[in-house]
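Lettering of chains follows the sequences in order, A, B, ..., and the numbering in each one begins at 1.
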There are 2 protein chains.
Amino acid sequence: MNIDTLHEQRLSLLRTSGNKITDARKTILNVLEGLKGHPTSAQIVEAVRQHDQRIGRASVFRTLDLFCQLGILRPIYHEGGGARYVLMPDGHHHHVVCLNCHCTIEFEDCALDGLAHELETRLKVQLLGHLLEFYGYCEQCSLLPNK
Amino acid sequence: MNIDTLHEQRLSLLRTSGNKITDARKTILNVLEGLKGHPTSAQIVEAVRQHDQRIGRASVFRTLDLFCQLGILRPIYHEGGGARYVLMPDGHHHHVVCLNCHCTIEFEDCALDGLAHELETRLKVQLLGHLLEFYGYCEQCSLLPNK
DNA sequence: CTCTGTGCAAAGGATTTGCACTACG
DNA sequence: CGTAGTGCAAATCCTTTGCACAGAG
């Protein structure tokens, strides 16, 4: 799937869900698409500010909440002050978190579609995506004593 | 696996990792084991307070961080002020979150052990557990318009 | 034209920190 | 006994809220 297509899809999801497409929201979406990894809200606010001085802090938070509600974004929490956010490129995201140094390693995996379908039937829910997080110790940290 | 055994395992993990077993930590562990679902830090602080008036707020936060580092507990973030915590009974936890009403549905699943082993080999990491979160709309919310 | 979204500034909380004291091992 | 852990209270910082104005549809 093409990046621009994804971008367009997200914008049209905004529209079809009854929300408006504003400059602030477009800018924030662009910023999110440009940031790598799992940025904190503070990093996002900062990046948005650099992009467009006029966008207020509050709007960033409101927009992040909106994106989360639409399933475009997921909040995660990795110790240390504040939520972090992950864009869900194709509705899913997978990573390994180190409990010691808190680094994250992303990986691809698509073994969960079957389970997703089963759950939709069994629990009568409608799923948009998933977030899979393994935790443990990364290569370096697993070599330390006490681990 | 027996509940008491799990409790003992957690305590001995504290000891073997070079931490001390104190009254405060024992109380907080008991409280966590007694709470259902995905309590917020505020709920945990409150529950601890009811259990033992003398335990300070800061100690609760420090202990939660410690438990997270040991892999006993995982922080998650579900919109709406503050982290939530999930005990990892056997090192894993799975749930579905509704993006609209924010309810959660827990389910059992053990299809990830194979993937965990593969990742351990491929990424050279040492895994303790995992958290799998599906998101979408629950039965009631998926029937609403705009969904 | 109407109603949703925005920016600002201030309020409100939750979490963290520093320090003297306690108690685990 | 020594060091890790604790409780308290204050400081800090993130997030939310209220309101008048702007702009999308």
Open item on the list: If you assign A:Arg57 and B:Arg25 each to the DNA chain D nucleotide with the nearest heavy atom, which residue ends up on the more 5' nucleotide?
Closed with: B:Arg25
Open item on the list: Strictly distance-based, threshold 3.5 Å: is any side-chain N or O of B:Ser59 a donor or acceptor partner for the main-chain N or O of B:Ile55?
Closed with: no
Task: Test item: side-chain donor near acceptor, A:Glu133 and A:His95, under 3.5 Å - done: yes
Task: Rounded interatomic separation in angstrom, taking CG from A:Leu64 and P from D:dT16 - done: 10 Å
Open item on the list: Using a 4.0 Å heavy-atom cut-off, does A:Ala58 contact any base of the nucleic acid, only the sugar-phosphate backbone, or nothing at all?
Closed with: base
Open item on the list: Under a 3.5 Å cutoff, is there a donor and acceptor pairing between the side chains of B:His130 and B:His93?
Closed with: no
Task: 4.5 Å side-chain heavy-atom contact, A:Leu127 and B:Tyr137 - done: no
Open item on the list: Enumerate the salt bridge (charged side-chain N to carboxylate O under 4.0 Å, His left out) contacts for residues 38-57 of chain B, please, sequence neighbours excluded, ordered by first and then second residue.
Closed with: B:Asp52-B:Arg54
- [ ] Give me the residues of residues 47-56 of chain B where at least one heavy atom lies under 4.0 Å from an atom of DNA chain C, by number, or none.
- [x] none
TODO: Sugar-phosphate means primed atoms, P, OP1 and OP2; the rest is base. With that split, encode nucleotides 19-25 of chain C 5' to 3' as B, S or - using protein heavy atoms under 4.0 Å.
DONE: -----BS
- [ ] Nearest whole angstrom, please: distance from the P of C:dT6 to the CD1 of A:Ile28.
- [x] 7 Å
- [ ] Ignoring hydrogens and angles, tell me if any N or O in the side chain of A:Arg25 forms a donor-acceptor pair with the backbone of A:Lys20 under 3.5 Å.
- [x] yes
- [ ] Using whole Å, report how far CZ of A:Phe61 lies from C1' of C:dA14.
- [x] 14 Å
TODO: Check whether any side-chain heavy atom of A:Tyr77 lies under 4.5 Å from a side-chain heavy atom of B:Ile76, and answer yes or no.
DONE: no
- [ ] Find the bend of the helix from C:dC1-D:dG25 to C:dG25-D:dC1 as the angle between its two terminal axes (five pairs each), to the nearest 10°.
- [x] 60°
Task: B:Leu70 CG - D:dA4 P separation (whole Å) - done: 16 Å
- [ ] Using the test side chain to side chain contact (heavy atoms under 4.5 Å, CB included), find all partners of A:Asn30 that sit at least two apart in sequence or belong to another chain.
- [x] A:His7, A:Glu33
Task: Candidate list B:Glu118, B:Glu120, B:Lys124, test side-chain contact (heavy atoms from CB on, under 4.5 Å), partner B:Arg122, passing option - done: B:Glu118
Task: Phosphate contact (D:dT15 OP1 or OP2) by A:Ser41 side-chain N/O below 4.0 Å - done: yes
TODO: Return the set of residues passing side chain to side chain contact (heavy atoms under 4.5 Å, CB included) with B:Leu123 (not counting sequence neighbours), or none when no residue passes.
DONE: A:Val96, A:Ile105, B:Leu119, B:Val125
Task: Distance, rounded to the nearest Å, where A:Leu11 contributes CG and D:dG25 contributes P - done: 11 Å
Open item on the list: Given 3.5 Å as the limit, does a donor-acceptor pair link the side chain of B:Arg84 with the main chain of B:Pro39, or not?
Closed with: no
